Amino acid sequence: MSDFQQIFGTAPKAEASAPGRVNLLGEHTDYSDGFVLPTAIPQHTTVGLGLSADALHHFYSEQLDEQVTVLESEETDRTPSGFASYIFGCVRILEREGYTIPHLNLYVTSSVPIGSGLSSSAALEVATLRGLRALLNLPLDDVQIAQMAQQAEIHYAGVQCGIMDQMASSLADTEHMLFLDTRTLESQVLPFPRGAEVVVIDSGAPRTLAASGYNERRADCEEAARLLGVKALRDITGVEAVGGLPEPLRRRARHVVSENNRVLEAVRGVPAERFGELMNASHASLRDDYEVSVPALDALVGILQETPGVFGARLTGAGFGGACVALVAQGKAGEMAKDVLERYSRAGYAGKLLVPAVS
Ligand code: ADP
Ligand code: MG
């Protein structure tokens with residue numbers, strides 16, 4: 001990492017990376033203790049770490065071309081804002097666990113698009129924690145790293161996130177899907193359906209309502225679980241059980257229950273065609289029952305679904321904008337994406353291919 005040297009004047013003492021992720025199936029289920037099925041994407045975040053020469057932390061992001069200096073002591077625990085809050089959060093969470101963390105020079109560089117729903121935030125946290133594990137020889141396993149990363153995002157960046165993003169970044173690779181039970185944190189690495197690969201396209205629609213919509217849906221799920229007398233909607237296994245709920249809770253709960261069942265079917269090793277049908281059904285459920293889609297996402301998913309070589313497609317991430325994921329016949333991704341983006345642009349939108357990564 002020669003750029004570390006340019007910014008900080010010395011070579012880094014440790015370096016670590018972590019990938020972004022895309023969720024194939026199991027959307028809006030993690031805060032109901034449900035099942036998710038993400039995979040890592042080739043884009044990743046790398047951090048270089050060294051010891052600071054003064055009693056301050058210095059964090060630099062190449063993407064933002066921004067350096068933040070953080071004064072940290074027992075008396076003044078002022079959390080920085082912006083990207084530094086994710087890094088500082090990781091430092092603080094480790095300290096709360098009893099580890100002594102020296103003042104750091106930390107350099108961030110990344111190929112994960114920021115704010116597109118591919119979890120650049122989790123990649124930053126997991127890379128930071130891996131970097132600290134390497135620098136200080138910390139006895140942390142990958143699940144602990146994911147949990148600490150989530151705690152950093154919740155308590156220091158102020159984002160009420162589930163555990164999926166951090167578990168995917170910490171445990172998944174690009175060759176497999178990670179089947180994760182978000183209640184027990186048990187996970188299993190599984191092969192993709194045979195003959196299939198993953199395509200991710202950004203819809204170009206900004207995720208303006210994502211934060212408020214996310215909080216509303218979360219509250220709906222908690223209320224539905226309370227009315228049904230269960231700890232979380234994960235405890236409901238059949239959609240019939242939600243029939244007596246008032247609207248819109250009935251449809252919200254029906255999405256979560258049916259989505260969990262789709263993940264459980266997908267991990268039984270179904271062929272790509274069936275996996276694709278489950279993705280299509282997931283999109284319909286997110287659109288009609290969960291109401292987190294927008295016209296741009298529906299248009300992009302519609303074009304994907306009618307394209308030869310595409311097994312299935314759906315919005316991915318929280319919705320209200322952001323990206324779509326598709327499962328396509330292996331080797332077809334490049335030409336298929338070109339065709340889809342042309343048709344999407346004729347429909348009046350501007351999309352962008354995110355995976356496979358174009359370098
Ligand atoms: P997503 O995780 O979907 O990309 P988020 O809004 O959760 O979107 O996280 C994006 C935030 O994470 C950015 O606003 C920034 O604060 C931080 N971040 C992620 N990657 C970087 C990076 N390479 N440099 C600086 N900040 C980053
Ligand atoms: Mg994020």
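Hydrogens, waters and symmetry mates play no part in the numbers below; they use all other heavy atoms, side chains included. Here the structure is a predicted model, which is why all the values come from computation and not from measurement. Atoms within each ligand, like the ligands themselves, are counted from 1 in listed order.
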> From Leu138 CG over to Glu97 CD, what is the distance, rounded to the nearest 0.5 angstrom?
Replying inline: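 Leu138 atom CG to Glu97 atom CD measures 11.0 Å (nearest 0.5 Å).
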> Got a sec, which pairs hit ring pair (Phe, Tyr, Trp, His ring centres under 6.0 Å) with one end in residues 13-34, sequence neighbours left out?
Replying inline: His28-Tyr31, His28-Tyr290, Tyr31-Tyr214
Nearest protein heavy atom to [atom], by residue and atom, and its distance?
| atom | result |
| --- | --- |
| atom 17 (C) of ligand 1 | Tyr86 CE1, 3.8 Å |
| atom 19 (C) of ligand 1 | Ser120 OG, 3.2 Å |
| atom 8 (O) of ligand 1 | Gly115 CA, 3.5 Å |
| atom 24 (N) of ligand 1 | Ser61 OG, 2.8 Å |
| atom 21 (C) of ligand 1 | Ile114 CD1, 3.6 Å |
| atom 23 (N) of ligand 1 | Gln63 OE1, 3.1 Å |
| atom 26 (N) of ligand 1 | Phe83 CB, 3.0 Å |

>> Would you say the Mg ion (ligand 2) has Ser121 as a near neighbour, meaning an N/O/S atom of that residue under 2.8 Å away?
In response: yes
> Are the aromatic rings of Tyr60 and His58 close, with centres under 6.0 Å apart?
Replying inline: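 No: the rings miss the under 6.0 Å criterion.
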> Can you find a side-chain donor-acceptor pair between Gln43 and Ser110 that sits under 3.5 Å?
Replying inline: no
> Does a donor on one side chain and an acceptor on the other come within less than 3.5 Å for Thr182 and Asp30?
Replying inline: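 Not at all, the side chains of Thr182 and Asp30 share no donor-acceptor pair under 3.5 Å.
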>> Need the ligand 1 atom indices (1-based, order shown) with element for anything under 4.0 Å from a heavy-atom of Gly117.
In response: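 Within the 4.0 Å cut-off of Gly117, ligand 1 contributes 3 (O).
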> Which ligand 1 atoms does Ser119 reach within 4.0 Å, using its non-hydrogen atoms?
Replying inline: 1 (P), 2 (O), 3 (O), 4 (O)
> Where the closest heavy atom to atom 5 (P) of ligand 1 is concerned, which of Gly82, Ser121, Ser110 has it?
Replying inline: Ser121
>> Going by the closest heavy atom to atom 18 (N) of ligand 1, which one wins out of Val159, Leu124, Leu64?
In response: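 Comparing heavy atoms across Val159, Leu124, Leu64, the nearest one to atom 18 (N) of ligand 1 lies in Leu124.
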> Should the pair Asp235-Arg183 be classified as a salt bridge under the 4.0 Å nitrogen-to-oxygen rule?
Replying inline: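 Salt bridge flag = yes for Arg183 with Asp235.
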>> Check this for me, if you would: do Arg234 and Asp181 make a salt bridge, where the nitrogen-to-carboxylate-oxygen distance has to be below 4.0 angstrom?
In response: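 Yes, Arg234 and Asp181 are salt-bridged.
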>> Under 4.0 Å, heavy-atom basis, I'd like to know which part of Arg207 is in contact with ligand 1: side chain, backbone, both or neither.
In response: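 Under 4.0 Å from ligand 1, Arg207 contributes side-chain atoms alone.
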> What heavy-atom pair brings Ser120 and Pro113 nearest, and what distance separates the two atoms?
Replying inline: CB-O, 3.8 Å
> Just one of Glu125, Gln151, Gln147 clears the side-chain hydrogen bond (donor to acceptor under 3.5 Å, both in side chains) bar with Gln166, so which one?
Replying inline: Glu125
